[in-house]
Amino acid sequence: MKLRTAAVLLATATSVFAQNGSTISGPPWVHEEYTTSPPVYPSPNATGSGWDAAFQQASSFVAQLTLREKSELVTGETGPCTGNIAAIPRLGFEGLCLMDGPLAIRQADYASAFPAGLTVAASWDRDLARQRGLEMGAEFKGKGAHVILGPVAGPLGRSGYGGRNWEGFSPDPYLTGVLFEESIVGLQENGLQACAKHYIGNEQETQRNPSTNEDGLTIEAVSSNIDDRTMHEVYLWPFQNAVKAGVASMMCSYNRINGSYGCQNSKTLNGLLKDELGFQGYVMSDWGATHSGWPAAVAGEDMDMPGTIGWSPGAPSYFGGNITRSVNNGSLPLERLDDMCRRIMTPYFHLQQTSYPFIDASEPALAGNSPSDYNYTFNLGNQSDIDVRDDHAQLIRELGAAGTVLLKNVNNALPLKTPKNVGVFGNDAGDITIGLYFGSDPDLQNIGYDFGVLPVGGGSGTARMTYVVSPLEAIKTKVASYDNKALVQYVLNNTLVIDSGGFEILFPRPPEVCLVFLKTWATEGYDRPSLLVDWNGTALVESVASQCSNTVVVTHSGGLNVLPFADHPNVTAILAAHYSGEQVGNSIVDVLWGDINPSGHLPYTVAKQENDYSFADITNSSALLTTTDPNAWQSDFQERLLLDYRYFDYINQSVQYEFGFGLSYTTFTMDSITVQPLTDTGNLSATPPAQAIVPGGNPALWENLYCITATITNTGSVAGAAVPQVYLGLPQPPNQDTTPKQVLRGFEKVMLQPGESQEAKFDLTRRDISYWDVVTQQWTIGAGSISVMAGFSSRDVQGTTSFSPLG
Ligand SMILES: *[C@@H]1O[C@H](CO)[C@@H](O)[C@H](O)[C@H]1NC(C)=O
Ligand SMILES: *[C@@H]1O[C@H](CO)[C@@H](O)[C@H](O)[C@H]1NC(C)=O
Ligand SMILES: *[C@@H]1O[C@H](CO)[C@@H](O)[C@H](O)[C@H]1NC(C)=O
Ligand SMILES: *[C@@H]1O[C@H](CO)[C@@H](O)[C@H](O)[C@H]1NC(C)=O
Ligand SMILES: *[C@@H]1O[C@H](CO)[C@@H](O)[C@H](O)[C@H]1NC(C)=O
Ligand SMILES: *[C@@H]1O[C@H](CO)[C@@H](O)[C@H](O)[C@H]1NC(C)=O
Ligand SMILES: *[C@@H]1O[C@H](CO)[C@@H](O)[C@H](O)[C@H]1NC(C)=O
Ligand SMILES: *[C@@H]1O[C@H](CO)[C@@H](O)[C@H](O)[C@H]1NC(C)=O
Ligand SMILES: *[C@@H]1O[C@H](CO)[C@@H](O)[C@H](O)[C@H]1NC(C)=O
Ligand SMILES: *[C@@H]1O[C@H](CO)[C@@H](O)[C@H](O)[C@H]1NC(C)=O
Ligand SMILES: *[C@@H]1O[C@H](CO)[C@@H](O)[C@H](O)[C@H]1NC(C)=O
Ligand SMILES: *[C@@H]1O[C@H](CO)[C@@H](O)[C@H](O)[C@H]1NC(C)=O
C-alpha cells in the first residue's frame with residue numbers, strides 16, 4: 001500500500017485521534033502553537049565540565065589562534081575524508097578527519113561491514129553494542145579517522161516508513177538510549193570521537209531538505225512539530241544518554257523543528273542541548289544543513305560541514321570567510337567563535353588525538369579527489385589499503401545472529417535437524433550482483449536491486465563491503481558438512497516461482513524444508529514506499545507455502561514489515577534477520593541449524609496490517625510535492641507520546657507480534673518479582689534537588705532510586721538467552737498529555753543453561769520514574785502508584801508489583 005495523502009491522513013487522524021476536539025494523545029492539537037520556536041540566547045559557553053584538563057589545553061590552544069585560523073577551524077574543507085578540518089601546522093594541530101558512517105567506515109577499503117543499529121536493537125544486548133563500538137572504533141582509528149559520523153538516534157523510528165530507521169535503533173527511547181550510550185562508550189574508548197546524530201526530530205527523508213520549485217521558489221524543509229513533553233520523554237531522551245556518556249559531537253539535522261532549521265534552532269541547540277543537558281562538545285551541521293552564517297553560530301552551531309554551500313570544492317561558504325567578516329563587523333561576538341573553537345578542540349585533547357594514526361593514503365581517491373587539489377594540509381599518510389578488519393568477522397557473525405528475531409516456530413520446524421533435501425527460494429538468498437558498494441543509483445531508491453542478499457542499506461550509512469557470505473553459500477557449506485550427498489535446490493527468481501504454479505519442474509523431489517529469503521531495501525534520501533517486503537516477497541511466500549508444508553521465511557529488512565502470511569499453516573517459522581552485515585549468511589545459518597539459539601526480540605511492533613500504523617505517518621502527498629507555499633511541509637507529531645507499542649496498548653489493539661517479542665528454542669519462566677528502594681526514599685522530593693548541571697543534565701536525574709529484581713529460569717532442554725523486560729505504568733499527571741499505559745524502563749540479556757536460574761536486576765533512575773512537567777520545566781515524579789509489569793515482551797507479562805515513591 002502506498003503512503004496516504006495528506007487529506008486521507010487527516011481523515012484517518014480525525015477518526016483515530018479526535019474525540020470531540022481533544023485527542024487520545026492529549027489536549028486538542030493547535031497547529032498555530034508550533035509555527036515558531038522560542039529564542040534562547042546567548043549560546044552557553046562550554047565550561048569544560050567533566051573534561052577539565054582537556055578544556056584547559058583547548059583554551060590555551062585557542063588563545064594562540066588568529067581570527068582566520070579560528071574561522072577555518074569551524075569550517076570544513078575539501079580533503080581526503082567525508083568531512084575535513086584543516087591542519088594548523090604552526091601549532092602542531094593535524095586537523096580532523098570525519099568519516100561516515102554508523103555501521104562501517106563507509107568510504108574506506110579493507111574495512112568491515114558491521115550489523116546495523118537496528119540489528120543491535122533487536123539483540124537487546126548491551127555487551128554486544130559496546131563491543132561493536134570498540135571494534136568499529138579500532139577500524140576508524142586504524143584508518144586515521146578522528147570522528148565517526150554516528151551512532152544514530154534520529155530517526156528514532158516514529159514512522160515505519162522512515163528510510164533511515166535501520167541506521168538507528170528503536171522507536172522506544174529507553175531501548176535506544178541504552179544502546180546509543182553503550183555504542184558511544186565503546187566507540188570512544190580507544191580515542192575515537194563519536195558524533196550523535198541527527199539532532200533532532202529527523203523522522204523522515206521526504207522533503208528533509210529545502211527544494212526549489214519550477215518557479216525558482218524555495219520550498220522549505222519539513223517541519224517536525226513536537227510538543228515540549230514529547231520532546232523530552234521521547235526524542236531528546238536518547239540524546240541525553242549520549243551527552244551523559246561524554247559524546248564528543250552532535251550533528252544537527254536537516255529538518256526544521258517548529259518552523260526553525262535544526263542547525264539554527266536556538267531552543268534545541270542553546271536551550272535543550274547546551275543549557276539543560278550541559279553538552280560540552282561541538283555541534284556540526286549535517287552535510288549542507290547550514291542555512292546561514294553568524295545567525296546559525298549564535299543559535300548554537302559550532303562547525304559547518306562540508307563547509308561550502310552546495311558541497312562543491314571552492315564554493316562559497318556560510319562559515320569560513322563569512323565568520324571572519326561577521327566578527328569584524330560585530331555580528332558574531334568573538335566570545336562565541338572562541339567557544340566554538342574550544343568546544344571543537346576539547347574532545348580532541350580529551351581523547352588524546354594529538355598523536356594519531358595517519359589517514360590511509362587510499363582515501364583521497366576513494367573520496368573522489370586528489371591531494372594535489374587540496375588548499376590545506378591534512379594528516380595524510382603514505383600507506384595505502386591498510387587492512388583494519390582484524391578478527392571482527394567473529395563479532396559480526398555473532399551479532400548478526402543475536403539480532404535475528406524468531407517470530408514463529410510451529411511443528412518444531414526449527415532448529416533444522418539434518419534435512420537431506422533443502423529448498424532455497426528468493427532473490428535475497430544468493431550473491432549480490434551489482435557490486436558491493438551501493439552507490440546513489442536512482443534505480444536503488446525504492447526497492448534496491450533484484451538479485452542478492454541485503455546485508456546493509458543504502459546512503460551514507462552503507463559500507464564498502466570487502467566480501468559477503470550469502471545465505472545460499474552458507475547453507476551449501478552447512479549441508480555439505482553433515483552429508484555431502486544431501487541436496488540443496490534453489491530458485492532465486494521470485495517471479496519465476498510465482499509464475500510457475502507448481503514447482504515440480506523446479507524441484508523433482510519436494511524439499512523437506514523450503515527456506516524463503518525476502519528483503520526490504522531502505523536508504524537515506526527516500527522513505528519506504530510500503531511496509532510489505534519488496535520484490536513480491538509476499539506472493540513468493542504464498543506461492544511456496546501453497547506447495548510446501550514446511551516453509552520457513554527469513555526477512556532481511558531495514559525496519560518493520562507487515563507479514564500477511566504470518567498465520568499461514570504451511571509457514572512453520574519466521575525469522576526477522578534485519579541488516580546483519582557481511583556475515584549475513586553465516587549468521588542466519590547459525591540460527592536455522594541451532595548452533596546459536598535465537599535470542600533477538602522485536603525493537604518495534606509488527607501490526608496486523610499496514611493501515612494500523614496510520615497514527616504516525618510520513619508527511620507526503622502529491623499536493624505537497626507541487627506546492628507553491630514555502631511553508632507547506634508541516635509534520636505535526638500529534639500522536640505525542642504514543643509511539644509504536646504505546647499507541648497499540650492505548651487503543652487496546654491486537655497486533656501480529658508485539659514490541660519486545662521473540663521466541664527461543666528453549667523456554668523461560670520469571671518469578672519472585674520485587675521492588676526495593678536503593679536510597680532513603682522516605683523523604684524523596686518530586687523534583688530533583690537543584691544541582692550544578694553536568695553533561696547529561698542535573699546529576700540527580702541519574703541517581704538509581706529503586707531496583708527491581710526477578711528470577712529467570714531456563715525450563716527447556718537447551719541453553720539460551722532470555723530477555724526479561726520491565727515496563728512501568730507511570731501515574732497520569734493532571735492536565736497533561738496522555739501518559740502511555742506502560743513504558744520500557746529495564747531489560748537484561750541473561751544466558752542460562754537448561755535448568756539454571758539467575759536473578760536479573762533493573763535499576764530505576766529518577767528520570768526513569770518521572771514525567772516532564774512543561775509548566776515547571778522539571779522532571780517530576782507523579783503522585784500515586786507506579787505499576788511494574790515484568791515479562792518477556794510488552795504483552796507477555798509474567799508478574800506485576802507496584803510502588804509509590806511519594807508515599
Ligand atoms: C469530550 O467528551 C468527553 C466525554 O463526553 C468529555 O469528558 C470531554 O470534556 C470532552 N472534551 C472536550 C474537549 O470537549
Ligand atoms: C514547539 O512548540 C511547542 C508548542 O508551542 C512547544 O511546547 C515546544 O517547546 C516547542 N519546541 C521547540 C523546539 O521549539
Ligand atoms: C561566555 O564567556 C564570555 C567571556 O569569554 C562572556 O563574555 C560571555 O558573557 C559568556 N557567555 C555566556 C552565555 O555566559
Ligand atoms: C582552492 O582554492 C581555489 C581558489 O579559491 C579554488 O578555485 C579551488 O576550488 C579550491 N580547491 C578546493 C579543493 O577547495
Ligand atoms: C558568505 O555567504 C554568502 C551567503 O550568505 C555567500 O554568497 C558568500 O559567497 C559567502 N562568502 C564566502 C567568502 O564564502
Ligand atoms: C557582517 O558580515 C556578515 C558576513 O558577511 C553579513 O552577513 C552581515 O550582514 C554583516 N553585518 C553587518 C551589520 O554589516
Ligand atoms: C611520505 O613520503 C614522502 C616522500 O618519501 C615524505 O616526504 C613524507 O614525509 C611522508 N609522509 C608521511 C606522512 O610519512
Ligand atoms: C525471472 O523470471 C521471469 C519469469 O520467468 C522472467 O521473465 C525474467 O526474465 C527472469 N529474470 C531473470 C533475471 O532471469
Ligand atoms: C513484482 O513486483 C514488481 C515491482 O516490485 C511489479 O512490477 C511486478 O508486477 C510484480 N510481479 C508480480 C508477478 O507480482
Ligand atoms: C500446504 O502444503 C501442502 C503440500 O505439502 C498443500 O497440499 C496444501 O494445500 C498447503 N496448504 C495451504 C493452505 O496452502
Ligand atoms: C510521496 O507522494 C507521492 C505522490 O503521492 C508519491 O508518488 C511518492 O511515492 C511518495 N513518496 C513516498 C516515499 O512514498
Ligand atoms: C482499553 O481497554 C480498557 C480496559 O478494558 C478501557 O478502559 C479503555 O477505555 C480502552 N481504551 C480504548 C481506547 O478503547
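No experiment lies behind these values; they were computed from the predicted model shown. Atoms within each ligand, like the ligands themselves, are counted from 1 in listed order.
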### Query
Does a salt bridge link Arg336 with Asp302, judged by any charged N lying under 4.0 Å from a carboxylate O?
yes
## Note on the structure
Here the atoms of ligand 3 under 4.0 Å from any heavy atom belonging to Pro42 are 13 (C)
### Summary
side chain to side chain contact (heavy atoms under 4.5 Å, CB included) with Trp772: of Gln736, Glu233, Arg767, only one passes, and it is Glu233
### Query
Hey, mind stepping through His146 and Tyr356 against ring-ring contact (aromatic ring centres under 6.0 Å, His included) and telling me if it holds?
CA-CA 8 Å; His146 299 83; Tyr356 207 68; 4.5 Å; yes
### Message
Is Ser317 close enough to touch ligand 5? Criterion: a residue heavy atom under 4.0 Å from a ligand atom.
### Response
yes
### Message
Tell me the protein heavy atom at minimum distance from atom 4 (C) of ligand 5, and give that distance in Å.
### Response
Tyr318 CE2, 3.8 Å
### Task
May I ask you to list the atoms of ligand 5 that are less than 4.0 angstrom from any heavy atom of Arg325?
11 (N), 12 (C), 13 (C)
### Message
Please list, in number order, the atoms of ligand 4 under 4.0 Å from a heavy atom of Thr78.
### Response
13 (C), 14 (O)
### Message
At less than 4.0 angstrom from any non-hydrogen atom of Asn375, what atoms of ligand 4 do you find?
### Response
1 (C), 2 (O), 3 (C), 8 (C), 10 (C), 11 (N), 12 (C), 14 (O)
### Query
Just checking, is any N or O donor in the side chain of Gln193 or Gln188 under 3.5 Å from an acceptor N or O on the other one?
no
### Query
Is a side-chain donor-acceptor pair under 3.5 Å present for Arg325 with Asn328?
no
### Query
Do any nitrogen or oxygen atoms of Arg342 come within less than 3.5 Å of a nitrogen or oxygen of ligand 3?
no
### Message
For Glu139, is there an ion pair with Lys143 - N to carboxylate O distance below 4.0 angstrom?
### Response
no
### Task
Look at atom 6 (C) of ligand 3 and say which protein heavy atom is nearest, naming residue and atom and giving the distance to 0.1 Å.
Asn45 ND2, 4.2 Å
### Query
Which atoms from ligand 3 have a heavy atom of Ser43 less than 4.0 Å away?
13 (C)
### Shortest protein contact, atom 1 (C) of ligand 5 (heavy atom only)
Asn322 ND2, 1.5 Å
### Message
What protein heavy atom lies closest to atom 7 (O) of ligand 5? Include the residue and the distance to one decimal.
### Response
Pro316 CB, 4.7 Å
### Residue, atom name and distance, where the atom is the protein heavy atom closest to atom 13 (C) of ligand 4
Asp373 O, 3.3 Å
### Query
Would a 4.0 Å cut-off, counted as strictly less than, catch a protein heavy atom around atom 11 (N) of ligand 4?
yes
### Query
What's the shortest distance from atom 5 (O) of ligand 3 to any protein heavy atom, and which residue and atom give it?
Glu335 CG, 4.0 Å
### Query
Got the closest protein heavy atom to atom 9 (O) of ligand 4, with its distance?
Gly314 CA, 3.4 Å
### CA sep, side-chain torsions, deciding dist, call: Trp779, Trp702, ring-ring contact (aromatic ring centres under 6.0 Å, His included)
CA-CA 11 Å; Trp779 287 98; Trp702 299 98; 9.4 Å; no
### Task
Kindly indicate whether the side chain of Tyr110, heavy atoms from C-beta on, has any atom under 4.5 Å from the side chain of Arg389.
yes
### Message
So if I apply the side chain to side chain contact (heavy atoms under 4.5 Å, CB included) rule between Leu149 and each of Arg106, Met284, Met99, His198, which one comes out positive?
### Response
Met284
### Task
Compare all side-chain heavy atoms of Thr627 with those of Ile219 and state whether any distance is below 4.5 angstrom.
yes
